[in-house]
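Chain A is the first sequence line, chain B the second, and so forth, proteins listed ahead of strands; every chain is numbered from 1.
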Amino acid sequence: MLKRTKIVSLINADQTIDQVLVKGWVRTRRDSKDFSFIEINDGSCLKNIQVIANNNLANYEEVKKLTTGSSVAITGALVESKGGNQKYEIVAQEVEIYSLAPDDYPLQKKKHTDEYLRTIAHLRPRTNKYGAAFRVRSELSFAIHKFFNDRGFRYVHTPIITGSDCEGAGEMFQVTTLDLNNVPKLPNGEVDYSQDFFGKAAHLTVSGQLNGEMYALGLGDIYTFGPTFRAENSNTTRHAAEFWMIEPEMAFADIYDDMDLAEDMVRFCVKHVMEKCADDLALFDKFVEPGLIAKLQNIVDNGFARITYAEAIEIMQKSGHNFEYKPEFGIDMQTEHERYLAETHFKRPVIVRDYPKEIKAFYMRLNDDGRTVAAMDVLVPGIGEMIGGSQREERYDVLVQKINEMGMKEEDYSWYLDSRKYGSVPHAGFGLGFERMMMLVTGIANIRDVIPFPRTPNSINF
RNA sequence: UCCGGCUUAGCUCAGCGGUAGAGCAAUCGGCUGUUAACCGAUUGGUCGCCUGUUCGAAUCAGGCAGCCGGAGCCA
């Protein structure tokens, strides 16, 4: 019994083969006088394999009815092509038709808009662009695991459902089994969560960082890579309600180790995808973001610029550029500022560190100047903030003071404070939005197009 | 959530006060080792929804909805 061969193997074959079996979907069919050209794609690579179906096939009349989107299994000989656009083609000995796609198949042999393809997200993986995007997504995921694994980082699975409503990274989705039409109430009118599944209010995680820190302080170097949820009503090209985040955490590390790790990781992943997905990236370079490959090569070769927040403000003040919001020490940087730094001034990714403490989270380590914290953001051309990280405040007293200063409840963080109470060490980490790195690598400008089935406000189809 | 734009054939769009068009797709036919093949014919639309203005509305006005872009929030 002949085994199926994937098209990627046939495209890259080093010699002809007497008999092969390929299975896939018809992309296009062109009839000739005595035979028909059928292009088959099986998703194993961007390229199609061209099949010659001669009119001596037993079911040739059926073969001539093959439409775009139909599924077939073809047995035949892999031979050198007489045409100019491909090295090999298959001369069919047998064409088995699994299923004929009716004439209302929504994907045509032409370019569709991304907006239209979003309305048929269940079928878009059958297009060149989205096939390429999701092959890259897979390869980029693997690159992340490979990078950390090679460096001895342990992969930690932090919880998706969390009982702490104060992870401090945004609005949360509530998780409940209570009957929303008949919610149990306490005498004071508040919801009686003691009757809920967990006996208290529960939410979907917005970050695994606090949990990740606990494991770094036991295993040394760890990372998480999993889904994250934000109930923010954000309607932009770079926000989704459900996205994947990578959060490494290193014990015995400071902000400089953290920046090195972030830069090394991005450069490793970009290089990996450039090597493994060359055809797919070539498609993006041609149709999605002209200059993409040169941009990525620049990232691999030249690395990131590094400045402090104070220097960033100074650069912008001296730039003569007319900002809508005047850059001054103390402001939270706006999109226009981030874009100016990465796109106009440095023209490459830039790491900004040492932000004013007032605009950053409680767990970031207070610098010796007393007014900035050891936080760093990686700003990327075209995307903005791709990574946010920091050295964590390891001093118990300072951390408690920060918690109180920010009006948070100390008792809510008792387990987190334990890590500073017992054997506290300097440590650092960051969070990287996986989809934003996908946007960087593919040039795809909308986050909805780098997630298989994106979830955004008012949109949860498929 | 705020600001702006868009919504006409299956898809991409034109038409912008006088009663609906093109290209592509689809269907049929022709031609051809073709490359999103090519040539010809045919089919296909309550012009997003509701109200109003007008002799007359796809076209003007108001409301609603959906989508897109920008901003905020962030990853």
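- Residues Y340(A) and H321(A) place their aromatic rings such that the two centres sit under 6.0 Å apart.
- To the nearest whole angstrom, the two C1' atoms, one in A58(B) and one in A20(B), are 9 Å apart.
- For residues 13-24 of chain A, proximity to RNA chain B is found at no residue, defined as any non-hydrogen atom under 4.0 angstrom from a strand atom.
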If you restrict it to nitrogen or oxygen atoms, what contacts under 3.5 Å exist between nucleotides 26-30 of chain B and the protein, and what is each distance?
none

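- Among the heavy atoms of the strands, none lies under 4.0 Å from S36(A).
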Would you list the protein and nucleotides 9-11 of chain B atom pairs, both N or O, that sit under 3.5 Å from each other?
| from | atom 1 | to | atom 2 | distance (Å) |
| --- | --- | --- | --- | --- |
| G10(B) | N2 | Q108(A) | OE1 | 3.0 |
| G10(B) | N2 | Q108(A) | NE2 | 3.0 |
| G10(B) | N3 | Q108(A) | NE2 | 3.2 |
| C11(B) | O2' | K110(A) | NZ | 3.3 |
| C11(B) | O2' | H112(A) | ND1 | 3.4 |
| C11(B) | O2 | K110(A) | NZ | 2.6 |

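- When L261(A), L440(A), V378(A) are each tested for a side chain to side chain contact (heavy atoms under 4.5 Å, CB included) with V266(A), only one passes: L440(A).
- Nucleic acid contact class of I246(A) (heavy atoms, under 4.0 Å, all strands): none.
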Polar pairs (N or O, both sides) under 3.5 Å between protein and nucleotides 38-44 of chain B?
none

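- Listed in residue order, the members of residues 432-446 of chain A having a heavy atom less than 4.0 Å from RNA chain B are G433(A), R436(A), N446(A).
- The side chain of R238(A) contributes an N or O atom lying less than 4.0 Å from OP1 or OP2 of A71(B).
- Listed pair Q50(A) / U35(B) fails the phosphate criterion, with no side-chain N or O lying under 4.0 Å from OP1 or OP2.
- G33(B) has no stacking from F37(A) on its base ring, since the centres under 5.5 angstrom apart and planes within 30 degrees of parallel are not both found.
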I'd like a table of atom pairs between the protein and nucleotides 4-7 of chain B - only N or O on both sides, under 3.5 Å - with the distance next to each one.
none

